[in-house]
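Quick notes on the structure that follows.
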Amino acid sequence: MGPQIPANLIANKTLGKGKATIKIPSRSDSTHSGAFNVSINVHFDPVVDPYPAGTVKITIDLSDSFCGVLTSTMLFHLSSTGKHTPTMYLSGRCTLTSTTPRPLTHKCQFWLSVANNKRTRDLINSDIVSFLVVDKSGTRVAYGTGPIIQGTVHVQAFC
């Protein structure tokens with residue numbers, strides 16, 4: 001059985017942007033750094049935008065996962081919730097381009113969540129990023145969840 005994805009929420013006014021590195025020590029080995037990098041610039045305002053828009057790029061180098069670059073090609077959903085620790089949820093279509101042994105591109109779907117927890121620079125309050133990628137048959141090809149160790153992703157929830 002493939003991963004179970006929750007049903008989409010109602011899209012609401014949301015802004016998410018930034019670049020960050022996420023490190024997961026348990027996903028590192030002799031050939032993988034155990035990190036992924038995200039670059040996010042997304043927005044949705046139902047008053048002026050017909051659909052969520054923007055870009056997501058994730059560079060993946062984790063064990064037990066596809067390694068390469070995810071590039072969003074379309075956003076299906078973007079929403080957020082929370083005032084003190086705004087959290088953003090988005091999903092869409094993507095392409096995955098492998099970096100080794102030779103470049104190959106695959107069509108995919110992705111889900112991404114960012115919790116904007118940071119109030120100080122300690123790990124207790126780190127922002128958290130989580131993603132899941134499935135191929136056209138629904139098989140998981142990449143995933144990761146961890147704290148931001150460098151950079152930041154700003155989430156603005158308008159609730």
Side-chain angles (χ1 to χ4, degrees), residues 3-28 33-62 65-97 106-135 138 140-159:
Q4 298 300 303
I5 304 301
N8 277 350
L9 306 169
I10 306 253
N12 61 6
K13 187 174 180 181
T14 301
L15 174 68
K17 61 182 176 177
K19 293 181 181 181
T21 299
I22 296 83
K23 179 75 172 172
I24 309 169
S26 62
R27 301 284 300 279
S28 123
S33 69
F36 64 96
N37 297 299
V38 296
S39 176
I40 302 169
N41 187 3
V42 295
H43 62 88
F44 178 66
D45 183 345
V47 174
V48 295
D49 298 323
Y51 304 103
T55 58
V56 174
K57 182 178 178 181
I58 306 173
T59 304
I60 307 160
D61 189 24
L62 301 168
S65 216
F66 172 94
C67 292
V69 179
L70 175 149
T71 305
S72 64
T73 58
M74 172 188 277
L75 296 182
F76 295 145
H77 176 78
L78 176 61
S79 64
S80 58
T81 188
K83 178 179 176 183
H84 298 285
T85 60
T87 302
M88 173 177 68
Y89 306 93
L90 64 124
S91 66
R93 289 185 186 153
C94 57
T95 58
L96 282 172
T97 304
H106 308 276
K107 303 290 185 197
C108 55
Q109 291 187 32
F110 74 97
W111 289 261
L112 179 75
S113 177
V114 178
N116 194 358
N117 294 326
K118 196 170 293 177
R119 296 289 180 245
T120 63
R121 296 298 292 172
D122 61 32
L123 286 178
I124 294 170
N125 290 322
S126 288
D127 295 347
I128 304 295
V129 178
S130 182
F131 76 96
L132 171 66
V133 183
V134 298
D135 66 13
R140 182 197 80 208
V141 292
Y143 71 102
T145 300
I148 290 177
I149 62 163
Q150 184 176 4
T152 190
V153 177
H154 175 71
V155 175
Q156 176 119 23
F158 297 87
C159 49

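The chain is numbered in sequence order, starting from 1. These numbers come from the heavy atoms of this one structure, side chains and all, not from hydrogens, waters or symmetry mates. These numbers were taken from a predicted model, which means no experiment stands behind them.
Here the closest heavy-atom approach between residue Ile60 and residue Ser65 is recorded as CG2-OG, 4.4 Å. Among all heavy-atom pairs drawn from Asn117 and Thr85, the shortest one is OD1-CB, 3.4 Å. Nearest heavy-atom pair across Val133 and Cys94 is CG1-SG, 4.3 Å. In terms of heavy-atom proximity, His43 sits nearest to Leu78 at C-CD2, 3.5 Å. Scanning all heavy atoms of the two residues, the minimum distance from Ile128 to Pro147 falls at CD1-CA, 3.9 Å. Between Lys83 and Pro86, the shortest heavy-atom contact is O-CD, 3.7 Å.
The side chain to side chain contact (heavy atoms under 4.5 Å, CB included) test applied to Ala20 returns Ile22, Val38, Ile148, Val153, not counting sequence neighbours. Scored by the ring-ring contact (aromatic ring centres under 6.0 Å, His included) test, Phe44 finds no partners at all (sequence neighbours excluded). Contacts of Thr21 classified as side-chain hydrogen bond (donor to acceptor under 3.5 Å, both in side chains), with partners at least two apart in sequence or in another chain: Asn37. Considering only residues two or more places apart in sequence or on other chains, Tyr143 meets the ring-ring contact (aromatic ring centres under 6.0 Å, His included) condition with none of them. Scanning for side-chain hydrogen bond (donor to acceptor under 3.5 Å, both in side chains) contacts around Asn41 gives an empty result, with sequence neighbours left out. Residues satisfying the side chain to side chain contact (heavy atoms under 4.5 Å, CB included) criterion with Lys23, sequence neighbours excluded, are Pro25, Ser28, Ala35, Ile149. Qualifying side-chain hydrogen bond (donor to acceptor under 3.5 Å, both in side chains) partners for Thr145, counting only residues two or more places apart in sequence or in other chains: Ser130.
Side-chain atoms of Val56 and Phe131, non-hydrogen and from C-beta on, never get closer than 4.5 Å to each other. In this structure, the side chains of Phe66 and His106 come closer than 4.5 Å at one or more pairs of heavy atoms. The shortest side-chain heavy-atom distance between Pro52 and Leu90 does not fall under the 4.5 Å cut-off.
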Steps toward side chain to side chain contact (heavy atoms under 4.5 Å, CB included) verdict (Thr14, Val42): CA-CA 8 Å; Thr14 301; Val42 295; 5.8 Å; no
Test log, rule side chain to side chain contact (heavy atoms under 4.5 Å, CB included), inputs Ile40 and Leu112: CA-CA 10 Å; Ile40 302 169; Leu112 179 75; 3.6 Å; yes
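Side-chain contact annotation: Thr152 with His154, donor-acceptor N/O pair under 3.5 Å absent.
Residue pairs satisfying the side-chain hydrogen bond (donor to acceptor under 3.5 Å, both in side chains) criterion with at least one member in residues 66-75, sequence neighbours excluded, are absent. Each salt bridge (charged side-chain N to carboxylate O under 4.0 Å, His left out) pair with one or both residues in residues 42-54, not counting sequence neighbours, appears once here: Lys13-Asp45. Within the structure, no pair that satisfies the salt bridge (charged side-chain N to carboxylate O under 4.0 Å, His left out) test touches residues 53-62, not counting sequence neighbours.
Counting only distance, with no hydrogens or angles, the side chain of Asn12 and the backbone of Ser80 share a donor-acceptor pair below 3.5 Å.
One distance of note links CG of Leu96 with NZ of Lys107; it measures 10.5 Å at 0.5 Å rounding. Note: Ser113 OG to Leu132 CG = 11.5 Å, rounded to the nearest 0.5 Å.
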